Amino acid sequence: MSKIFLCVDMDAFFASVEQHDNPDLKGKPIAVTGAGERTVITTSSYEARQYGVKTGMTPREAKKLCPHIIFVTGRNRRYAETCEKLETICDRFTPDRETYSIDEIFLDITGSHHLFGGPEEMARAIKETVKEELGINCTIGIGPNIPIAKLASDLAKPNGLKWIKKEMVASVLETLPVKKLWGIGPHTEEKLRAMGIKTCGELGAAPLSLLIKKFGVFGSQLKAMGSGILDRPLEPADSDPKSIGHSRTFEKDLWKREDIEPQLLSLSEMVGRRARRYGYKGKKVTLTVRYADFKTFTRQTTIPDCTNDTGEIYRTALSLFDGIHLTTSIRLLGVSLSSFGKNEQLALFEEPHRKDRDALLKAMDRVNDKFGENKITWASTVNQKKGHSVISPAWRTSGVRKSDV
């Protein structure tokens, strides 16, 4: 039996929720931002997009394009609550669900669409239910695999429904620009263009050996993507994450080390605490730095043993930071932990005070779990300004990918 997937993609999600909750915003160009002065646009309404307003722009840039735009401070908990309701709706139609992001859900309807009159009728029923119960629109793409279903939803936006059947895939992809494929960013597009590959049809027809020579193992995946045959299974909510990370944009750019150190410690604690909560230990620590001019880069290193200890994560992140020659002030910092696993060998002698250290971290976690975040924290982070954050695209309603919002 051939597989059939749906991609349920909410239209301008954050902005749509705000327009639904505040009727005065309906039909007007709005942009949702984080709190504070130092923020970027997370979502804009379709009325604002007509003026060229895009995600990632600063409010000043958006104002130049659309002088009458209305800025709304995002409400992360409201969006999380709406996502949970969307999951409940989807679960009525099939238990085979993956919440890919806060505004996007994949469904395997292979064994259930006949109960609703077929794939298209099922998709229409989901759209109608979402509109009736949540008051906002979604677009649904249908395809023989997840990437094609995702492509169908992208092509049908906004408030659309499109089914790319298996026999239609080749013709749809033949002249489609490669940048339309999910997973091909500007950097990969540029490399492909340099090879004379501009369309998905050309990508699918390219020699595998040539793609592997240029892109390594990713070359095989690119060819499958260009041919529309890349199979990707649903990932359950409890699947292992590739990384656990947190980042923070500051109200004022940081330059002094005494201001940067407590921020790194606070971020390391957020990472370590979430890793400990779900039982993950990692060997790779990554530091992300964004300068005031938005230039962003990462530095990473692998440590000898897996850890979720705040102190070890912090010391490693600080060591990475010390290896950077700052050229300007810092707008954003991020810390993440990855390469999860178990230590391959035990130390011959137990590290002094290791048990005491673990007991301290567990005690801190228990107190914060019971009474709220940061009720007990590290002294050097007490008086720091936290900056602001927006809900991560990787946020989920459950499991390790669920972080506080």
Side-chain angles (χ1 to χ4, degrees), residues 2-17 42-46 49 54-55 79 82-83 85-87 89-94 96-110 112-113 116 118-185 200 224-235 393-397:
S2 297
K3 289 278 190 178
I4 302 180
F5 292 89
L6 297 188
C7 175
V8 182
D9 194 352
M10 304 306 293
D11 295 333
F13 182 46
F14 299 169
S16 294
V17 170
T42 57
T43 308
S44 58
S45 66
Y46 284 101
R49 295 181 190 188
K54 299 178 180 179
T55 298
Y79 310 143
T82 306
C83 180
K85 291 180 179 178
L86 176 63
E87 287 181 330
I89 291 173
C90 290
D91 287 345
R92 298 177 202 164
F93 292 85
T94 176
D96 301 320
R97 164 179 62 81
E98 175 191 341
T99 301
Y100 177 73
S101 66
I102 193 169
D103 63 348
E104 201 166 21
I105 291 178
F106 297 132
L107 303 175
D108 184 343
I109 63 168
T110 307
S112 56
H113 66 78
F116 300 90
E120 283 186 305
E121 289 305 313
M122 184 178 187
R124 289 192 184 95
I126 293 174
K127 281 176 59 66
E128 290 171 3
T129 306
V130 169
K131 181 66 174 179
E132 179 181 345
E133 297 188 15
L134 303 184
I136 54 181
N137 295 325
C138 69
T139 293
I140 297 184
I142 312 173
N145 53 52
I146 288 177
I148 294 299
K150 165 68 172 169
L151 174 64
S153 70
D154 289 343
L155 296 177
K157 275 187 165 289
N159 194 25
L161 191 162
K162 186 176 181 64
W163 185 3
I164 301 179
K165 298 181 180 180
K166 189 173 183 179
E167 60 270 20
M168 299 166 54
V169 171
S171 60
V172 170
L173 294 179
E174 184 61 31
T175 58
L176 191 75
V178 292
K179 66 180 180 181
K180 294 289 187 180
L181 287 179
W182 181 36
I184 294 186
C200 298
M225 291 166 65
S227 303
I229 58 173
L230 180 64
D231 288 326
R232 176 193 177 283
L234 291 179
E235 291 186 4
W395 183 90
R396 302 292 188 274
T397 57

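Quick caveat: nothing in here was measured; it's all calculated off a predicted structure.
- Closest approach of Phe13 to Cys83, counting heavy atoms only: CZ-N, 4.3 Å.
- Arg49 contributes atom CZ, which lies 11.0 Å from atom NZ of Lys54 (distance to the nearest 0.5 angstrom).
- Between the Thr94 side chain and the Asp108 main chain, a donor and an acceptor come within less than 3.5 Å of each other.
- A donor-acceptor contact shorter than 3.5 Å links the side chain of Thr110 to the backbone of Ile4.
- A donor-acceptor pair under 3.5 Å is absent between the side-chain atoms of Arg232 and the main chain of Asn145, judged by distance alone.
- For Asp154 and Lys180, the salt-bridge test fails: no basic side-chain N is under 4.0 Å from an acidic carboxylate O.
- Looking at heavy atoms from C-beta onward, Pro144 lies out of side-chain contact with Lys3 at the 4.5 angstrom threshold.
- The shortest heavy-atom contact between Glu120 and Leu161 is O-CD1, 4.0 Å.
- No donor-acceptor distance shorter than 3.5 angstrom exists from the side chain of Asn137 to the backbone of Asp11, with no hydrogens or angles considered.
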field: Derivation and outcome, side-chain contact (heavy atoms from CB on, under 4.5 Å), residues Val130 and Lys85
entry: CA-CA 9 Å; Val130 169; Lys85 291 180 179 178; over 6 Å; no

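- A pairwise comparison of heavy atoms in Cys200 and Pro177 identifies SG-O, 3.8 Å as the closest pair.
- A donor-acceptor pair is defined here as one N or O able to donate and one able to accept, closer than 3.5 Å; no such pair exists between the side chain of Lys162 and the backbone of Gly143.
- Of all non-hydrogen atoms in Thr139 and Gly160, the two that sit nearest each other are OG1-N, 3.1 Å.
- Atom CD1 in Ile126 sits 5.0 Å away from atom CZ in Phe93 (nearest 0.5 Å).
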- prompt: Where do Leu173 and Leu181 land on the side-chain contact (heavy atoms from CB on, under 4.5 Å) test, with the steps shown first?
  reply: CA-CA 9 Å; Leu173 294 179; Leu181 287 179; 4.2 Å; yes

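- Residues Trp182 and Ile146 form a side-chain contact, since some pair of their non-hydrogen atoms from C-beta on lies under 4.5 Å apart.
- Among the candidates Ile142, Leu234, Asp96, Ile109, the single residue satisfying the side-chain contact (heavy atoms from CB on, under 4.5 Å) test with Phe5 is Leu234.
- Counting heavy atoms of neighbouring residues, nucleotides and ligands inside a 6.0 Å radius, atom NZ of Lys179 does not exceed 12 of them.
- When all heavy atoms of Pro119 and His113 are compared, the closest pair comes out as CD-ND1, 3.5 Å.
- From Met10, atom CE reaches atom OG of Ser101 across 11.0 Å, with rounding to the nearest 0.5 Å.
- Interatomic distance, SG of Cys7 versus NZ of Lys150, reported as 5.5 Å (0.5 Å rounding).
- A salt bridge links Arg124 with Glu121: at least one charged nitrogen is closer than 4.0 Å to a carboxylate oxygen.
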- request: Decide yes or no on side-chain contact (heavy atoms from CB on, under 4.5 Å) for Val8 and Ile89, but give the supporting numbers first.
  value: CA-CA 11 Å; Val8 182; Ile89 291 173; over 6 Å; no

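- Side-chain contact between Lys166 and Ile148 is absent, with no heavy atoms from C-beta onward closer than 4.5 Å.
- A donor-acceptor contact shorter than 3.5 Å is absent between the side chain of Ser153 and the backbone of Ile140.
- Between Phe14 and Tyr79, the two ring planes are parallel [angle under 30°; tilted spans 30° to 60°].
- Here the straight-line distance linking atom CD of Glu98 with atom CD of Glu87 works out to 11.0 Å at 0.5 Å rounding.
- Interatomic distance, Asn159 CG to Lys127 NZ, rounded to the nearest 0.5 Å: 4.0 Å.
- The minimum heavy-atom distance linking Gly141 with Ala152 is given by the pair CA-CB, 3.7 Å.
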